[in-house]
Amino acid sequence: QVQLEESGGGLVQAGGSLRLSCAASGRTFSTHTMGWFRQAPGEEREFVARIIWSSGYTVYADSVKGRFTISRDSAKESIFLQMNSVKPEDTAVYYCNLFSAAVGKEYWGQGTQVTVSS
């Protein structure tokens, strides 16, 4: 079983920065992808960014490209989301996600609230 714990959410003014963290524990497997999704009130959960663990290759949603950066710390089994130039439309609960190709399962964290004030 895999556990994901997010931290770093909070209130930030538009144009500011915030850094989210997600620590994975349990059996994370050697072949997996980790990433961030977000869900605003009344909206569906949407993809934000992901990183392929083995290669470090990253993918971003168009809405955050150039503003957000996903990174990893392999030794700590953690990923981070550096959020710069945030906008009110970035307000959402941000969820950490791990997908294991080895077992065909995905796991979610409990979410962390990010609120951007205008």
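Small disclaimer: the values here were computed from a predicted structure and weren't measured.
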Flag the pair Leu20 / Thr112 as yes when at least one side-chain heavy-atom distance between them is below 4.5 Å, and no otherwise. yes

Any chance you could measure Lys105, atom NZ, to Gln1, atom CD, to the nearest 0.5 Å? 7.0 Å

Distance alone, cut at 3.5 Å: any donor-acceptor contact between the side chains of Gln39 and Glu46? no

Polar side-chain atom of Thr115 near backbone of Leu11 as donor-acceptor pair, under 3.5 Å: no

Does any part of the side chain of Tyr107, heavy atoms only, come nearer than 4.5 Å to the side chain of Asn97, both counted from C-beta? no

Taking the side chain as every heavy atom from C-beta outward, state whether Asp90 and Arg38 have any atom pair closer than 4.5 Å. yes

Side-chain contact, heavy-atom cut-off 4.5 Å: Leu98 with Glu77? no

Heavy-atom pair with the smallest gap, counting every atom of Met34 and Ile70: O-CD1, 4.0 Å

Got a list of side-chain donor-acceptor pairs under 3.5 Å for residues 81-89, not counting sequence neighbours?
| residue | atom | partner | partner atom | Å |
| --- | --- | --- | --- | --- |
| Gln82 | NE2 | Asn84 | OD1 | 2.9 |
| Asn84 | OD1 | Ser17 | OG | 2.9 |

The remaining residues in the hydrophobic cluster of Val59, counting side-chain heavy-atom contacts under 4.5 Å among Ile, Leu, Val, Met, Phe, Trp and Tyr, are Phe37, Phe47, Ile52, Tyr57, Val93, Tyr95, Trp108

Rounded distance [0.5 Å steps], CG in Leu18 versus CZ in Phe68: 9.0 Å

Short side-chain to backbone donor-acceptor contact, Glu106 and Ser100, under 3.5 Å: no

CZ of Arg50 to CH2 of Trp36, rounded to nearest 0.5 Å, is 14.5 Å

On a heavy-atom basis, the closest approach of Val114 and Gly9 is CG2-CA, 4.2 Å

Using the ring of Phe80 (Phe, Tyr or Trp, six-membered ring only), decide whether Arg72 places NZ or CZ under 6.0 Å from its centre and within 45 degrees of its axis. no

Applying side-chain hydrogen bond (donor to acceptor under 3.5 Å, both in side chains), can you list everything that pairs with Gln13, at least two apart in sequence or on another chain? none

Are the side chain of Glu5 and the backbone N or O of Ala23 linked by a donor-acceptor pair below 3.5 Å? no

To the closest 0.5 Å, what do you measure between CG (Leu4) and SG (Cys22)? 4.5 Å

When you look at Glu6 and Ser21, which way does the side-chain contact (heavy atoms from CB on, under 4.5 Å) test go after all the steps? CA-CA 5 Å; Glu6 302 103 333; Ser21 301; over 6 Å; no

Can you measure from CD1 (Ile79) to OG (Ser74) and round to the nearest 0.5 angstrom? 11.5 Å

Between Ala49 and Tyr60, which heavy-atom pair has the shortest distance, and what is it? CB-CD2, 3.6 Å

